[in-house]
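Following: one structure in structure tokens, then a few remarks.
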There are 2 protein chains.
Amino acid sequence: MHEQEGTFMKPGHSKVPAGHTSGAPVCGLTADVCQSVSDVLARVGDKWSLLVIYMLSNQSMRFSELKRSLGSISQKVLTTTLRGLERDGYVVRHVTPSIPPRVDYELTSLGHDVLGPVKALAMWAISRRKDVENARCKFDKLNIRDAI
Amino acid sequence: MHEQEGTFMKPGHSKVPAGHTSGAPVCGLTADVCQSVSDVLARVGDKWSLLVIYMLSNQSMRFSELKRSLGSISQKVLTTTLRGLERDGYVVRHVTPSIPPRVDYELTSLGHDVLGPVKALAMWAISRRKDVENARCKFDKLNIRDAI
DNA sequence: CAGTATCCCCTTGGATACTG
DNA sequence: CAGTATCCAAGGGGATACTG
């Protein structure tokens with residue numbers, strides 16, 4: 001239990017590789033800028049984070065409330081999701097040391113803030129949903145013969 | 001080579017689970033809307049896709065050009081990344097059947113389009129980069145004692 | 001209630017070798 | 001050149017059991 005400090009430390013795939021860590025910007029993107037964009041996308045793009053942020057955007061909720069609302073998430077995953085969001089400063093964790101314990105989660109201003117651009121992307125995704133869907137159908141239809 | 005048709009079919013974690021596949025919207029989000037947002041985020045949030053889209057936003061490029069520019073990506077991963085982007089309709093693949101073969105990749109209008117909201121998110125990520133960084137430092141400093 | 005601790009599976013990404 | 005074919009390691013997500 002002591003050696004896994006990396007659990008919610010790094011989103012993993014979000015690491016921008018060494019290729020352009022060296023001075024040269026790729027398409028006008030410097031490595032660190034590129035990295036911070038990746039960080040946000042990786043955090044918000046994982047399976048549950050975005051949903052959790054949405055849930056908390058109206059009111060703060062306690063652990064069990066979140067779990068119940070999300071339905072099919074496991075405790076472990078909800079915990080790591082919340083820790084990740086907490087680490088990056090999107091949520092705060094309020095502990096009430098009672099018995100049984102009570103823990104509430106609340107969006108920070110950063111958490112509320114990120115909803116702006118994320119909602120814009122969401123709106124785009126919704127408006128272009130059919131295009132993506134059609135592209136997929138077309139692609140899959142063309143490639144299914146190769147696959148079988 | 002026939003049974004792995006799922007390689008670039010699904011982003012994996014992007015699947016919105018059964019919990020709210022049933023009628024009830026979560027926080028005003030219906031399941032399919034939620035799914036399409038997840039799809040976009042998962043696609044654009046993987047390790048290389050966003051970078052590839054950025055590279056192609058100025059000019060079309062051939063496979064080897066992309067590989068060289070990205071530096072540390074493997075052929076396999078570049079291929080699957082491009083296939084994924086092609087499947088979702090963000091890029092098109094132009095094959096010139098010469099020897100040796102030549103394949104060019106170009107952004108579609110959908111591909112150019114997604115850069116809008118993505119750039120907005122990128123700008124946000126850049127402007128709030130320090131906040132995230134500070135939050136992480138603070139969090140890690142508080143939790144390092146527990147971890148060791 | 002709000003977590004840990006384990007164990008397990010699957011997917012992603014990478015390294016290497018081979019081919020039309 | 002532009003891919004496939006294999007193999008491998010690491011991480012994410014899930015199921016279950018236990019605990020302060």
Side-chain angles (χ1 to χ4, degrees), chain A residues 1-19 38 41-43 45-49 51-52 61-68 70-84 86 93-105 143 146-147, chain B residues 1-19 38 41-43 45-49 51-52 61-68 70-84 86 93-105 143 146-147:
Chain A
M1 63 133 87
H2 296 327
E3 22 283 319
Q4 38 69 278
E5 56 163 28
T7 314
F8 40 85
M9 293 302 172
K10 308 121 190 169
H13 73 275
S14 83
K15 266 292 253 311
V16 172
S38 254
L41 281 170
R43 181 64 70 202
D46 76 358
K47 188 165 176 180
W48 296 101
S49 293
L51 230 22
V52 170
M61 297 173 82
R62 48 192 303 191
F63 188 87
S64 52
E65 269 185 295
L66 277 169
K67 179 155 169 38
R68 212 170 331 107
L70 292 169
S72 60
I73 194 172
S74 68
Q75 282 135 324
K76 193 191 80 174
V77 173
L78 179 54
T79 301
T80 63
T81 299
L82 287 166
R83 287 292 185 286
E86 189 191 359
R93 186 166 169 271
H94 300 290
V95 183
T96 310
S98 54
I99 296 177
R102 176 195 177 99
V103 180
D104 291 87
Y105 291 91
N143 289 87
D146 308 337
Chain B
M1 62 125 91
H2 296 327
E3 21 284 320
Q4 38 70 276
E5 57 163 28
T7 314
F8 40 86
M9 294 301 173
K10 309 121 191 170
H13 74 276
S14 81
K15 268 290 253 313
V16 172
S38 253
L41 282 171
R43 181 64 71 200
D46 75 358
K47 188 165 177 180
W48 296 101
S49 293
L51 229 24
V52 169
M61 297 174 81
R62 48 193 300 190
F63 188 87
S64 53
E65 269 185 294
L66 277 168
K67 178 154 170 39
R68 212 170 331 107
L70 293 169
S72 60
I73 195 173
S74 68
Q75 282 135 324
K76 194 192 81 173
V77 173
L78 180 53
T79 302
T80 62
T81 300
L82 287 167
R83 287 291 185 287
E86 190 192 359
R93 186 166 169 270
H94 299 291
V95 183
T96 310
S98 54
I99 297 177
R102 175 195 179 99
V103 180
D104 291 86
Y105 291 91
N143 288 87
D146 307 336

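Reckoned from all heavy atoms, side chains included, excluding hydrogens, waters and symmetry mates. All values reported here derive from a predicted model rather than from experimental measurement. First the proteins, then the strands, lettered A, B, ... as listed; each starts at 1.
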Completion exercise
OG (B:S74) and NZ (B:K67) are apart, to the nearest 0.5 Å, by 7.0 Å
Exercise for the section: Could you check which of C:dA17, C:dA2, D:dG14 has an atom nearest any side-chain atom of A:I73? Expected result: D:dG14
Problem - Phosphate-side-chain proximity, A:S64 and C:dA2, N/O vs OP1/OP2 below 4.0 Å - result: yes
Completion exercise
Regarding the side chain of A:P101, the nearest nucleotide among C:dG3, C:dA2, D:dA15 is C:dA2
Practice task
Classify the nucleic acid contact of A:R93 as base, sugar-phosphate or nothing, counting any heavy atom under 4.0 Å across all strands shown.
Solution key: sugar-phosphate
Exercise for the section: State which residues pass side chain to side chain donor-acceptor pair (under 3.5 Å) with B:R93; sequence neighbours excluded, sorted by chain then number. Expected result: B:Y105
Problem - Euclidean distance, A:R102 CZ relative to A:D104 CG, rounded to 0.5 Å - result: 4.5 Å
Handout entry: Options D:dA17, D:dG14, D:dG3, nucleotide nearest the side-chain atoms of B:T79
Key = D:dG3
Handout entry: Phosphate contact (C:dC1 OP1 or OP2) by A:R62 side-chain N/O below 4.0 Å
Key = no
Problem - Euclidean distance, A:L82 CG relative to A:M61 CE, rounded to 0.5 Å - result: 10.5 Å
Handout entry: Close side-chain approach of A:S72 and A:W48, heavy atoms under 4.5 Å
Key = yes
Exercise for the section: Please round to the nearest 0.5 Å and tell me the distance separating atom CG of B:L66 and atom OG1 of B:T79. Expected result: 10.5 Å
Completion exercise
One should report the stems of DNA chain D, each a stretch of at least three consecutive Watson-Crick or G-U pairs at distances under 3.5 Å, as C:1-20 with D:1-20
Problem - Which nucleotide in D:dC7, D:dG14, D:dA17 has an atom nearest any side-chain atom of B:K76 - result: D:dC7
Problem - Contact under 4.0 Å: B:R83 side-chain N or O vs D:dT4 OP1/OP2 - result: yes
